[in-house]
There are 2 protein chains.
Amino acid sequence: MGKRITSQDVADLAGVSRTTVSFVLNNEQRFSIRPETAEKVRAAAKQLGYYPNASARALASNQTKTIGLIISRAPQYIASDPFLPQILGGLMEVLKQNRQGLLVEWVEPGQQLETYLELTRAHHIDGMILMTPRLDDPGIKELEETEIPVVLMGYIPGSSLHSVDVDNLAAAETAVNHLIELGHSRIACITNAALPYTSASQRLEGYKSALKKANLDYDENLVWEADFDMQSGYHVTKELLASGREFTAIFVASDNVALGVYSALREAGLKIPDDVSIVGFDDIPLASFISPTLSTVALSGHDISVESYNLLTRLMRGEVPESLSVTLPTHLITRQSSREIGRRAT
Amino acid sequence: MGKRITSQDVADLAGVSRTTVSFVLNNEQRFSIRPETAEKVRAAAKQLGYYPNASARALASNQTKTIGLIISRAPQYIASDPFLPQILGGLMEVLKQNRQGLLVEWVEPGQQLETYLELTRAHHIDGMILMTPRLDDPGIKELEETEIPVVLMGYIPGSSLHSVDVDNLAAAETAVNHLIELGHSRIACITNAALPYTSASQRLEGYKSALKKANLDYDENLVWEADFDMQSGYHVTKELLASGREFTAIFVASDNVALGVYSALREAGLKIPDDVSIVGFDDIPLASFISPTLSTVALSGHDISVESYNLLTRLMRGEVPESLSVTLPTHLITRQSSREIGRRAT
DNA sequence: GAAAGTAACTAACGCGCGTTAATCAAGAGG
DNA sequence: CCTCTTGATTAACGCGCGTTAGTTACTTTC
């Protein structure tokens with residue numbers, strides 16, 4: 001158990017005071033340090049292999065240099081989310097550049113309050129990003145009143161918290177419109193998640209809006225709720241098929257769920273896009289690798305992460321961004337899974 | 001900026017000393033506290049909404065109650081890893097039960113040393129789990145000498161660090177053997193990653209071993225290295241096809257990579273399993289949803305996480321586990337992608 | 001009834017660092 | 001020669017908590 005090296009050790013070796021060591025290593029400009037003294041300190045620190053203790057530093061400076069990513073979902077759903085790595089990857093990339101750490105937490109519906117309070121009051125983190133928030137999250141209100149900077153990845157209407165999101169409604173509308181332009185009029189909708197998740201309800205709104213603008217009837221029997229994963233997509237599609245309702249296309253608000261839809265349709269002997277056209281959402285890497293390749297709404301998890309981090313950084317600096325929310329672009333990518341109604345393979 | 005609530009505030013309100021507050025809230029059994037006093041303290045804490053400051057606590061107790069998950073890979077590879085969420089999900093589940101936090105970091109080859117030192121010496125975390133370690137990681141040696149508990153998710157031969165892994169070699173051997181039993185003798189191998197990653201080299205060894213036991217020639221022109229993602233699987237398969245070498249089956253050491261292989265074969269007009277049989281590795285959720293469903297070696301990311309955490313916990317408690325490494329079971333799942341050689345669809 | 005406990009609690013130190021106010025040397029100005 | 005700056009450095013306090021070594025008050029023991 002080698003004795004831990006403190007800044008006092010560095011100070012002793014360099015023949016200066018601990019204060020000087022602190023000034024040098026933190027590049028404190030307000031106090032002038034003679035270059036050769038600074039060099040002596042740096043050499044001593046290097047020689048001893050000194051690394052400032054994170055806890056002590058956090059305690060003294062009131063900054064943990066760590067931000068939190070909070071996922072509003074249970075682990076079993078997290079485990080099969082192909083989009084999470086993109087978010088995580090993007091975030092970790094910018095964080096490392098800025099020498100900050102990332103604490104990952106999840107909260108299950110019903111326990112949000114306690115988790116948020118613990119995280120913020122205990123000051124484990126300097127700021128937090130809340131992923132896939134739920135409309136019915138009672139903790140949101142609590143967070144609005146806390147001092148800690150918060151960025152929502154996803155939009156909560158009426159919340160005073162800053163947020164980063166894509167325009168889910170418009171994007172979904174575009175996707176459904178694409179199907180309408182291909183001549184489809186009986187278009188089913190399978191959501192990406194339960195409706196308390198804002199992205200789910202917004203995408204559903206976009207679906208409705210597109211139908212309305214095209215003067216197509218909205219049939220609630222064609223709308224089904226999936227639950228993040230492929231299994232749910234599979235089961236919901238089975239039910240849709242069993243319901244006997246006719247449809248020639250499905251807007252699936254999540255590529256991941258769409259994979260389950262593919263599987264169920266295949267099992268039912270239906271061909272994509274010959275019998276059913278599909279448009280997904282997210283453009284996960286897989287979308288261009290499966291057969292048939294999946295038409296989908298592309299959005300960049302990487303950009304969402306970076307923008308969230310940028311916004312959070314400004315909040316942590318105490319700045320007040322002019323606008324409450326950042327909306328990122330999406331674009332429709334048409335691939336093989338969507339085709340004009342009635343046309344057979346060429 | 002409401003004043004932060006400290007244990008002193010709780011003590012004042014309860015009419016006791018700060019020490020008593022600490023004893024009560026930490027359930028310190030060594031000192032006897034009168035039940036009604038304890039109750040008074042708890043009531044005061046609740047009333048004030050007191051949460052002990054994490055940094056102060058860490059500094060005083062020398063425990064951060066946080067463990068680190070270190071991923072030896074660059075963010076762009078992390079972003080498309082379908083296996084990461086499983087690991088993360090499992091880990092987060094057990095961590096929450098034990099009221100511990102999770103700090104996620106990545107290191108890129110070449111910078112491991114600095115990152116490990118910083119993380120351990122700065123005492124950001126109580127212990128760490130190192131995911132997908134590389135044989136050529138110079139930091140491993142450093143970690144062996146550090147005091148902080150470390151668990152490798154993946155095996156490094158000759159290392160004195162504890163590890164949790166599946167028996168990659170045996171599992172790969174089983175997979176290849178399955179192909180051999182189906183009558184295949186020209187079996188290509190596409191690795192899951194570059195060979196410095198131990199899982200990649202071990203799976204390749206399993207492939208070689210299976211061939212050897214079956215007295216089949218090892219042809220290094222049939223072995224290609226992929227790089228975690230689908231793109232690499234796609235490109236490598238293209239090259240394999242372009243090389244003109246004959247083969248009737250491919251062992252792909254990663255389901256994710258196999259998806260790229262699927263795509264390339266499809267593009268070349270080859271049918272799976274009619275023309276080429278495929279066996280993958282990992283059993284990602286998608287494996288049973290794509291067409292044809294993918295035969296693969298199943299392993300549980302969840303279990304790997306849980307076992308890693310359990311092992312790490314014991315190390316953090318100062319225990320010395322009898323064995324250096326934990327090996328978890330795998331099992332081959334045969335689905336549609338592998339079939340007897342020469343047989344056409346039924 | 002003094003010595004020896006025992007239960008219940010507290011004063012005070014230390015964890016390692018950031019930071020303010022103070023100190024000291026050295027030169028500038030008169 | 002003495003004051004006044006300026007530049008370079010340090011003593012000392014505080015961050016909020018865990019924890020040891022007490023200190024009380026209240027029994028028990030012979």
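Only this structure's heavy atoms are used, side chains among them; waters, hydrogens and symmetry mates stay out. Numbers restart at 1 for each chain; the letters A, B, ... are given by sequence-line order, proteins then strands. Quick caveat: nothing in here was measured; it's all calculated off a predicted structure.
- Listed nucleotides: D/dT9, C/dG16, C/dT10. Nearest to the side chain of B/L59: C/dG16.
- Checking the phosphate oxygens (OP1, OP2) of D/dG7, no side-chain nitrogen or oxygen of A/S32 falls inside 4.0 Å.
- Rounded to an integer number of Å, the gap from CD1 of A/I33 to P of D/dT6 is 19 Å.
- With axes fitted over five pairs at each extremity, the angle between the ends of the helix from C/dG1-D/dC30 to C/dG30-D/dC1 is 60° (10° resolution).
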In sequence, state the C-alpha distance, the side-chain angles, and the governing distance for B/V151 and B/L315, and then conclude on side chain to side chain contact (heavy atoms under 4.5 Å, CB included). CA-CA 9 Å; B/V151 168; B/L315 291 174; 3.9 Å; yes
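- For B/S17, the listed nucleotide lying nearest its side chain is C/dA11; candidates were C/dA11, D/dT9, D/dC15.
- One finds no side-chain N or O of B/Y51 lying less than 4.0 angstrom from the OP1 or OP2 phosphate oxygen of D/dG16.
- In this structure, the side chain of B/D165 engages the main chain of B/Y155 through a donor-acceptor pair within 3.5 Å.
- Among the protein residues, A/T20 comes within range of the nucleic acid bases, having at least one heavy atom under 4.0 Å from a base atom.
- Straight-line distance from the CG atom of B/D9 to the C1' atom of D/dC17: 13 Å, rounded to whole Å.
- Remark: A/N53 is not in phosphate contact with C/dC15, judged by side-chain N or O atoms under 4.0 Å from OP1 or OP2.
- If you take CZ of A/F23 and P of C/dG16, they are 20 Å apart, rounded to a whole angstrom.
- Residue contacts for B/T37: at a heavy-atom cut-off of 4.0 Å it reaches the sugar-phosphate backbone alone, with no base atom in range.
- Residue A/R34 has no polar side-chain atom (N or O) positioned under 4.0 Å from OP1 or OP2 of D/dG7.
- OP1 or OP2 of C/dG18 has at least one side-chain nitrogen or oxygen of A/N26 nearer than 4.0 Å.
- Distance CD (B/E28) to C1' (D/dT19): 9 Å, rounded to an integer number of Å.
- Between the P atom of C/dC17 and the NE2 atom of B/H123 lies a distance of 13 Å, rounded to the nearest Å.
- Summary of the strand contacts: B/A56 and B/A38 both lie near DNA chain C, and taking for each the nucleotide with the nearest heavy atom, the more 5' one is attributed to B/A38.
- Environment of NZ in B/K65: sparse, with no more than 12 heavy atoms of neighbouring residues, nucleotides or ligands closer than 6.0 Å.
- Under the 3.5 Å distance criterion, with hydrogens and angles disregarded, a donor-acceptor pair is assigned to the side chains of A/E114 and B/Y51.
- Looking at residues two or more places apart in sequence or on another chain, you find no side-chain hydrogen bond (donor to acceptor under 3.5 Å, both in side chains) involving B/E108.
- Side chains of B/Y197 and B/D136: no donor on one and acceptor on the other come within 3.5 Å.
- Between the P atom of D/dC15 and the CZ atom of B/R18 lies a distance of 12 Å, rounded to the nearest Å.
- A salt bridge links B/R314 with B/E322; the closest basic N to acidic carboxylate O contact falls under 4.0 Å.
- Regarding contacts with the backbone of C/dG18, every side-chain N or O of A/S61 stays at 4.0 angstrom or more from both OP1 and OP2.
- For the pair A/N62 CG and C/dG18 P, the computed distance is 13 Å after rounding to whole Å.
- Note on B/S22: a side-chain N or O is less than 4.0 Å away from OP1 or OP2 of D/dG18.
- Proximity of B/R57 to the phosphate of C/dC15: no side-chain N or O atom is located under 4.0 Å from OP1 or OP2.
- Regarding B/Q63, its CD atom lies at a distance of 16 Å from the P atom of D/dC17, rounded to whole Å.
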May I have the step-by-step check of salt bridge (charged side-chain N to carboxylate O under 4.0 Å, His left out) for A/D81 and A/R73, ending in yes or no? CA-CA 11 Å; A/D81 183 350; A/R73 229 184 298 171; 3.1 Å; yes
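- You'll find a donor-acceptor pair under 3.5 Å spanning the side chain of A/T19 and the base of C/dT19, going by distance alone.
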